[in-house]
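Okay, so here's the structure we're looking at.
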Amino acid sequence: MGRTSKDKRDIYYRKAKEEGYRARSAYKLLQLDQEFDLLKDAENVVDLCAAPGSWSQVVSQRLRELCKGQATIVAVDLQEIAPIEGVTIIKGDITSRPTVEAILKEFENGMVDLVLSDGAPDVTGLHDLDEYIQSDLILSALNVATFLLRRGGTFVAKVFRGKDTCGVFSRLSVFFENVTVAKPRSSRNSSIEAFFVCRGYSRPSFWEPTLIFHKDPSTEVLQDLEIEQECSRTTESSESQERMKTMMPFVSCGDLSCYDADMAYDIDRNCQENSSFATSLPPVQTPIHAAYENALARKRSAQQTN
Ligand code: SAM
């Protein structure tokens, strides 16, 4: 889909560019915040898997509006993130020890109110595999959150709904008083994406956050297996079993007046009413290193050798 065509067909993509957000995902956080007041009581926020940075833009803007001068916002991603006012940026893998240590260093003097994770691995299109890898990423983000969150803190994580969702929900319920699955209106109905909104953190007595890695230290991938064993031990307690019987609450959020992500708006009419629709807007922030850079370089060198 060309940029102009996408501008016209994807209303949130267009709106993000008009309003200065680096990605349409900004509206997902805005709508989650509208529903759950995530940022009202937050001063220290960690945005995991944050590139290109639209969630961090929203957090930084909202905390400035709420006059939180002391706020600490840390954004982390495998990809480089261009600077954002009021945000400390860390480039790294959230499943690796150096990255987790770098995040902890930023909060040596305090605890975090809110941990966000909009993480998504490269989607393969195989729903089961994508969902499995996504669940693994949520558990890595949860592990980071258990180092950082204050009692009562909030954790938000992207989930691809599928057969593992209930298991992840049960696990999150061990750490949080209230766990809801939320679908913002800016997230397409056709997508299996939703968000866990987990409120009221309290660290279970058995749980001691540790940085455990696979045997090969050079890969430095967090060993989720260990976490799994700890969690299955807790699910044996009657309290956790009680929680597991609970149905997953589901909330659709974003008020009814907002745009529907699946709707095709009559752009031609909009073009007449609003001439700005007729022109394509440039991206708010071009990628520092686009994912397709290597592929392009390979293609160019192949063309030169031919
Ligand atoms: N919330 C972002 C925004 O509003 O701009 C969009 C996030 S994007 C959907 C998902 C991001 O997850 C990608 O930038 C990807 O690099 C990141 N990611 C995936 N796995 C990661 C990992 N293990 N560590 C850090 N970042 C990761």
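Order of listing sets the numbers, starting from 1, for every ligand and every atom in it.
Taking the ring centroids of Trp207 and Tyr201, they lie at or beyond the 6.0 Å cut-off. Proximity of the aromatic rings of Tyr27 and Tyr21 is defined here by a centroid distance below 6.0 angstrom, and this criterion is met.
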Filter the ligand 1-protein atom pairs down to N or O on both sides and distance under 3.5 Å, then list them.
from	atom 1	to	atom 2	distance (Å)
ligand 1	1 (N)	Asp118	OD2	2.8
ligand 1	4 (O)	Ser54	N	3.4
ligand 1	4 (O)	Ser54	OG	2.5
ligand 1	4 (O)	Trp55	N	3.1
ligand 1	5 (O)	Ala50	O	3.4
ligand 1	5 (O)	Pro52	N	3.3
ligand 1	5 (O)	Gly53	N	3.0
ligand 1	5 (O)	Ser54	N	2.9
ligand 1	5 (O)	Ser54	OG	3.4
ligand 1	12 (O)	Ala120	N	3.4
ligand 1	14 (O)	Ala51	O	3.3
ligand 1	14 (O)	Asp77	OD1	3.3
ligand 1	14 (O)	Asp77	OD2	2.9
ligand 1	16 (O)	Asp77	OD1	2.6
ligand 1	23 (N)	Asp93	OD1	2.9
ligand 1	24 (N)	Ile94	N	3.0
ligand 1	26 (N)	Leu78	N	3.4

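Contact check on Arg161 versus Glu131 returns no salt bridge, with no Lys/Arg side-chain nitrogen under 4.0 Å from an Asp/Glu carboxylate oxygen. A salt bridge does not link Lys105 with Glu101: none of the charged nitrogens is closer than 4.0 Å to a carboxylate oxygen.
Formation of a donor-acceptor pair under 3.5 Å by the Gln285 side chain with backbone atoms of Pro52 is not found in this model.
For residues 35-61, there are no salt bridge (charged side-chain N to carboxylate O under 4.0 Å, His left out) pairs, not counting sequence neighbours.
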